[in-house]
Amino acid sequence: MVRVRIAPSPTGFAHLGTASTALYNILFARANGGTFALRIDDTDAERNRPEYELLIYESLRWLGLDWDEGPDKGGPYAPYRQSERLDLYKQHAAQLLADGKAYRCYCTPEELDAERKQAQAEKRPYKYSRRCLTNPPTGRAEFTVRFKVPGGEVKFKDMIRGDMSFDSDLIGDFIIVKSNGYPVYQFASPVDDAVMKISHVIRGEEHLSNTPYHLMLIDALGYERPTAYAHMPLILAKDGTKMSKRKHPETNLALYREQGYLPEALINYLALLGWNPGTSQEIFTFDELVQAFSFDRVQHAGARFDWEKLNWINGEYIRRLDDEELVRRLQPFLPNLDEATIRRAVPALKTRMAKLADAATLLEYLWTNPPAPALEPEALERVRAAIAVLNDVPWEQQAIHDSLMGVVEKSGLGPNKTFMPIRLAVTGKKISPPIDYTLALLPKEVAMSRLQRVAGVTA
RNA sequence: GGCCCCGUCGUCUAGUGGUCUAGGACGCAGCCCUCUCAAGGCUGAGAUCGCGGGUUCGAACCCCGCCGGGGCUACCA
């Protein structure tokens, strides 16, 4: 029975890495008929906020990465919010204490800090002194609980990197319960994984070095270890450094929705960041990903996030959407336009967008009034000729196209000599959809008045 | 500092001793198409496989060292 999970921490906006990890977990769960759980890791009382939890739900749902068990939908191992499982951690800590596998530590943060600085000054690797194990100070009430690291090799299998081995003699006794009674991540996470019967722990590479901590705890508690671990490569920023919320806006999942990235395109891109199918296929449906994904084709090195490639994939998805679906998705991005207008614009927009928000730039002239450009005499002549024929033309794209081509032919000049001045007059820009679309999308009176305004003709 | 992971075109990557004069994709350049911009088609530039030693008839692929990047080493997660 495959059971996987993600355990995001609600300490800010929903993070790109959360989506990536969720995706790999779901891919693995679906391929193996397993269960995917969402567990909220809110043990950092200072930084955690309920509204951030909502942001995680929203972003994951937007991406179609839904969970089988979670705080909002329950499940056989509820509750799924760690702040609601405090008793469980207390029991486990008490058990370790009773077994002599953990002990109370009365050291103050200042004392610990001094120890650490001392070690640093003497250039030796820092490990907690075990003062409170051997010679605890008396008359102090506030304490943390430390795990007594047994020492020796800790070995485990990583589905991506193979056999891993850590020397736990290098690991000092670490805190598992804070002085405020809350468990530390290193404690709550393995306890929950064991109790919730998580079979495969799939998470980011930043947790690779944490795994021995978790394993030692699971062993000490007498639980069965998860069948396997998988540590996914980190997503790096464009500059090769780890993505930070401050420096790199692309960590914010909400941004992608706002910009008009299609969730399925983002998923596709994320899947390809750090993994490849071994074939030349680049575009995948979700089901194809489920089928193709395997941990032995996951990259070991961190992968840099690249907007260009994402834009290309997103454009591919947009072009593959049928027109009605595109209209539907475009609506939130074009609040100034009615559905019928969007529908008429779609054929011209489709190949011109990397993301849905681009439509607004292309169609801006429909709800704003661009300033009249100053045109050369020759260009003005072209505009006047166009006005003359356009006056009697039924206002739809094909008719406009035909009559304008007539003007072009009569002029003996290239089409651009006629179309560009019109484009400038109507949109104020040098870039727009084809001129017939550009005109037809606008009410005839508006289009004509913009042309007349430039040509100096009074309506 | 210690421990761990990693290092192929700008980027994502293929590649597990000879088929590599290192393949693909994005991006970039040029051409075609064309009313602009895209899309599409074609062509092209771009990597002495981080560096230095080995092993081998032969190494991007195996071994060692070095350098570089990242992670962990918190009463953050």
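Nothing here was measured: the structure is a model prediction, and the numbers come from that model. In the text below, chain A, chain B and the rest are named by the order of the sequence lines, each starting its count at 1.
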Quiz item: Relative to each other, are the rings of Y269(A) and F305(A) parallel, tilted or perpendicular (30° and 60° limits)?
Solution: perpendicular
Exercise. May I ask you to list the residues of residues 407-419 of chain A, by number, that have any heavy atom positioned under 4.0 Å from an atom of RNA chain B?
Key: P415(A), N416(A), F419(A)
Quiz item: Which is true for G278(A) with a 4.0 Å heavy-atom rule: it touches a base, it touches only sugar-phosphate, or it touches nothing?
Solution: nothing
Exercise. Using only side-chain N and O atoms of Q299(A), determine if any of them is under 4.0 Å from OP1 or OP2 of rG7(B).
Key: no
Exercise. Could you please spell out the steps behind the side-chain hydrogen bond (donor to acceptor under 3.5 Å, both in side chains) verdict for T211(A) and H231(A)?
Key: CA-CA 10 Å; T211(A) 308; H231(A) 291 92; 3.2 Å; yes
Quiz item: With both distances kept under 3.5 Å, what pairs with rG65(B), Watson-Crick or G-U wobble?
Solution: rC51(B)
Quiz item: With no hydrogens and no angle check, is any side-chain donor or acceptor of W312(A) less than 3.5 Å from a backbone partner on W307(A)?
Solution: no
Quiz prompt | Nearest-Å distance for atom pair CG/P, residues L441(A) and rU36(B) | solution = 19 Å
Practice problem: Provide the distance between the two C1' atoms, one in rC76(B) and one in rU13(B), to the nearest whole Å. | Solution: 34 Å
Exercise. For rG17(B) and rC5(B), measure between their C1' atoms and round to the nearest Å.
Key: 25 Å
Self-check item: R47(A) vs Y213(A), nearer the 5' end of RNA chain B by closest nucleotide
Solution: Y213(A)
Exercise. Using the C1' atoms only, state how far rG58(B) lies from rG24(B), rounded to an integer number of Å.
Key: 27 Å
Quiz item: Considering Watson-Crick and G-U wobble pairs with both distances under 3.5 Å, what does rG17(B) pair with?
Solution: none
Self-check item: Side-chain donor/acceptor contact of T144(A) with base of rC75(B) under 3.5 Å
Solution: no
Quiz prompt | Assigned partner base of rC3(B), Watson-Crick or wobble definition, under 3.5 Å | solution = rG71(B)
Exercise. Round to the nearest Å and state the distance from I283(A) atom CD1 to rC12(B) atom C1'.
Key: 13 Å
Quiz item: Which residue, S280(A) or M405(A), contacts RNA chain B at a nucleotide closer to its 5' end, judged by nearest heavy atom?
Solution: S280(A)
Quiz item: Given the C1' atoms of rU43(B) and rC49(B), what is the spacing between them in whole Å?
Solution: 26 Å
Quiz item: Reckon T438(A) touches a base, only the sugar-phosphate, or nothing at all at heavy-atom distances under 4.0 Å?
Solution: nothing
Quiz item: To the nearest angstrom, how far is D169(A) atom CG from rC4(B) atom C1'?
Solution: 16 Å
Quiz prompt | Touch class at under 4.0 angstrom, heavy-atom based, for Q120(A) against every strand present | solution = nothing
Quiz item: Heavy atoms under 4.0 Å, any strand shown: does L170(A) hit a base, just sugar-phosphate, or nothing?
Solution: sugar-phosphate
Exercise. Choose from rC35(B), rU13(B), rG71(B) the nucleotide whose nearest atom is closest to any side-chain atom of A303(A).
Key: rU13(B)
Practice problem: Could you give the distance separating rA47(B) and rC62(B) at their C1' atoms, to the nearest angstrom? | Solution: 22 Å
Quiz item: So what does R382(A) hit on the nucleic acid, given a heavy-atom distance under 4.0 Å: a base, only sugar-phosphate, or nothing?
Solution: nothing
Exercise. Could you give the distance separating rA45(B) and rG10(B) at their P atoms, to the nearest angstrom?
Key: 15 Å
Practice problem: Would you classify K430(A) as touching base, sugar-phosphate or nothing, given that sugar-phosphate means primed atoms plus P, OP1 and OP2, and contacts are heavy atoms under 4.0 Å? | Solution: base
Practice problem: Tell me the partner of rC42(B), counting only Watson-Crick (N1-N3 plus N6-O4 or O6-N4) or G-U wobble (N1-O2 and O6-N3) with both under 3.5 Å; none if nothing fits. | Solution: rG30(B)
Quiz item: With a 3.5 Å cut-off and just heavy-atom distances, do the side chain of T351(A) and the base of rA38(B) make a donor-acceptor pair?
Solution: yes
Practice problem: Anything under 30° is parallel, anything over 60° is perpendicular, the rest tilted; go ahead and classify Y103(A) against Y128(A). | Solution: parallel
Practice problem: Quick one: label P233(A) by what it contacts on the DNA or RNA (base, sugar-phosphate, nothing), any heavy atom closer than 4.0 Å. | Solution: nothing
Quiz item: For G260(A), does its backbone N or O pair with a side-chain atom of N314(A) as donor and acceptor, under 3.5 Å?
Solution: yes
Quiz prompt | Given rC72(B), rC75(B), rC26(B), the nucleotide with the shortest approach to the side chain of W312(A) | solution = rC26(B)
Quiz item: Using atom C1' of each nucleotide, how far apart are rG27(B) and rC35(B) to the nearest Å?
Solution: 27 Å
Quiz item: Looking for any heavy atom pair under 4.0 Å, which part of the strands does F305(A) touch: base, sugar-phosphate only, or nothing?
Solution: nothing
Exercise. For E316(A) and I318(A), indicate whether the former's side chain and the latter's backbone hold a donor-acceptor pair under 3.5 Å.
Key: no
Quiz item: Whom does rC35(B) pair with, Watson-Crick or G-U wobble, provided both distances fall under 3.5 Å?
Solution: none
Practice problem: For rA59(B) and rC20(B), measure between their C1' atoms and round to the nearest Å. | Solution: 11 Å
Quiz prompt | Under-4.0 Å side-chain N/O to phosphate OP1/OP2 contact, K178(A) with rA77(B) | solution = yes
Self-check item: Pairing of E205(A) and R161(A) as salt bridge, 4.0 angstrom limit
Solution: yes
Self-check item: N or O in side chain of K123(A) less than 4.0 angstrom from rG2(B) OP1/OP2
Solution: no
Quiz item: Taking only side-chain nitrogens and oxygens of R423(A), does any of them come within less than 4.0 Å of OP1 or OP2 of rC37(B)?
Solution: no
Quiz item: Of the candidate nucleotides rG27(B), rU11(B), rC35(B), which contains the atom at the shortest distance from the side chain of E308(A)?
Solution: rG27(B)
Quiz item: Between rC26(B), rU36(B), rC37(B), which one does the side chain of K309(A) approach most closely?
Solution: rC26(B)
Quiz prompt | Residues S165(A) and D163(A): side-chain donor-acceptor under 3.5 angstrom | solution = no
Self-check item: Selection from rG40(B), rG70(B), rC72(B) that lies nearest to any side-chain heavy atom of T241(A)
Solution: rG70(B)
Self-check item: Flag, side chain of D42(A) to backbone of Q82(A), donor-acceptor distance under 3.5 Å
Solution: yes
Quiz item: With a 4.0 Å cut-off on heavy atoms, is E316(A) in touch with a base, just the backbone sugar-phosphate, or nothing at all?
Solution: sugar-phosphate
Self-check item: Closest nucleotide among rG7(B), rC75(B), rG24(B) to the A301(A) side chain
Solution: rG7(B)
Exercise. Look only at the side chain of S168(A) and the backbone of I171(A), and say whether a donor-acceptor pair between them is shorter than 3.5 Å.
Key: no
Quiz item: Heavy atoms under 4.0 Å, any strand shown: does N210(A) hit a base, just sugar-phosphate, or nothing?
Solution: base
Quiz item: Using purine N1 to pyrimidine N3 plus N6-O4 or O6-N4 for Watson-Crick, or N1-O2 and O6-N3 for G-U wobble, both under 3.5 Å, which nucleotide pairs with rA25(B)?
Solution: rU11(B)
Quiz item: Any side-chain N or O of R116(A) under 4.0 Å from OP1/OP2 of rC75(B)?
Solution: yes
Quiz item: Does NZ or CZ of R104(A) come closer than 6.0 Å to the centre of the six-membered ring of F143(A), within 45° of the ring's axis?
Solution: yes
Quiz item: Distance check: side-chain N/O of H300(A) vs OP1/OP2 of rC5(B), anything under 4.0 Å?
Solution: no
